[in-house]
Amino acid sequence: MDTTQLLKGVLDLAVLAVVQSEDGYGYDVVRRLRAAGMDDVGDASVYGTLRRLYAGGALTSYVVPSEAGPHRKYYGINAHGRALLDDQSKTWRGFAETMQHLLEPTGARS
Amino acid sequence: MTATALRPDVAAYVADVRAHLDDLGPDVVEELTGGLAADLSDLAAESADPLVDRLGPPKAYADELRAAAQLPPPAAPGSAGGDGVARLRSSWDANIAGLRRHPRWPAVAGFAAVVRPAWWVARAFLAFGLLRRYGTSLGLAGLLLLLTLMILVSVQLGRGRWRRQRWLTPLVLLGNVLAVLLTPAALAAVLSPAGHDSYAPAPAPAFRATGLWTNGEPVSNIFAYDSSGKPLTDVQLFDGQGRPLSLDPGQFDGSVDADGRPRAFHVDAYGREVWNVFPVPTQRVTNIAGTDGTAPSTAVPLPSVPPLAAVPPSGSASVSPPTPTPTVTTTPTPRPPTPTATPRAPTLTPLTPTLTPSGPPTTR
């Protein structure tokens, strides 16, 4: 099953979860997502999601200047973002349980 | 941002991506790609594979950025005005984004979403009001039908059912702006009674301030006949208040004096021009012969009229026509037609005819 479709639905939640544990810049968030097992996530998608969450008021943003290279744009979570994270994770849990129940009888018969 | 430490391939890639996002405006581009250079540098440092292989072409990267950020797709290359419009839209987006961060925003947005259909109906109503004021004149059934049609169009547009074409969206936006701006005028038009037809020209006035009029028609001459039915000449006419019944000099395109004013046919003894002496000679006849004073320049419509039933017992029964000589001075004082109906006439001045007087045709 192609996971990209599934990913589109939960990318917001995943990004929020990653940023909530620690502030990060774009590439950093991508790496952490990949490390958690989401191989199929595209860089640009993560960047775009970060920007959208920021525009929606769920993330804060600050720039860390660097002498050795170009500056880095960090994202952090704020109160609104935390609320959003809680809300979405509840929804996700509920949805996952529903899918679980749906699939169990099929599994039980075998 | 120091570009010196950037690898050239990374710099090129980032520049390409930014170029593809150019239509979104500089603020949005910066938000999307602010840290891109640094991140791509890290990425490039990990592996020797070129960025294009790992990330895809810059355009694809830019498109994915847009999609994930839920920004509009790039404008068609043919639209020349797309750049300006896109910049406007991106700055608008940025402002809206700032607004959305306000904690109260969800409540307001929710309310607005519910009230939106009412706005669709309202704007149709306003447009209808404007149409009625400046345009059509239908019957009541026609007006109701038009209003229903406009509500239908407005609601369907609001629901997004007909928004297939690209050009329709700015048109609808313009319509919205106009509807909001012209609300006062439209409301006035809708609420005011329907008798306000500004197209009907004002009817010609039934009376004018100058000149003589009878039953709405202008009078250019008056022919007076005495009680026995013979025509009178050089009759000076006044109304009940003693005002002269003067003709409008503008009626005559006769000779004009040095100032361009029409020359009066008669002049009183003080030299004043008078316009209430009738009949007025219809042609200015110059005395060709020079000596002969008789110049019948006034054609009388009726040689004589039936005499009146009773001859008023006045001292002067009939007015003797003035002798047709150039220097005659006509009788100054008008005699009252009946002793009982004497107008309050001021003292009249004698007349001096300015031309060879027109004597009445000799009654045969």
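These numbers come from a predicted model, not from an experiment. All chains are named by letter (A, B, ...) in the order of the sequence lines, taking the proteins before the strands, and each is independently numbered beginning at 1.
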(request) Identify, with sequence neighbours excluded, every residue that meets salt bridge (charged side-chain N to carboxylate O under 4.0 Å, His left out) alongside Glu30(B). (result) Arg18(B)
(message) If the condition is salt bridge (charged side-chain N to carboxylate O under 4.0 Å, His left out), which residues does Asp16(B) pass it with, not counting sequence neighbours?
(response) none
(message) Checking an interface table here. Which of residues 23-34 of chain A come within a heavy-atom distance under 4.5 Å of chain B?
(response)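 So far as heavy atoms go, Tyr25(A), Gly26(A), Tyr27(A), Arg31(A) are the residues that approach chain B to under 4.5 Å.
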(message) At under 4.5 Å between heavy atoms, what parts of residues 81-98 of chain A are in contact with chain B? List them by residue number.
(response)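 No residue falls under the 4.5 Å cut-off.
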(request) Decide yes or no on side-chain contact (heavy atoms from CB on, under 4.5 Å) for Arg51(A) and Leu65(B), but give the supporting numbers first. (result) CA-CA 9 Å; Arg51(A) 194 255 169 188; Leu65(B) 262 180; over 6 Å; no
(message) Check this for me: Tyr62(A), atom OH, are more than 12 non-hydrogen atoms of other residues, nucleotides or ligands nearer than 6.0 Å?
(response)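 Yes, OH of Tyr62(A) has more than 12 neighbouring heavy atoms, counting only those of other groups under 6.0 Å.
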(request) List the atom of Ala44(A), the atom of Glu64(B), and the distance in Å for their closest heavy-atom pair. (result) CB-CB, 3.5 Å
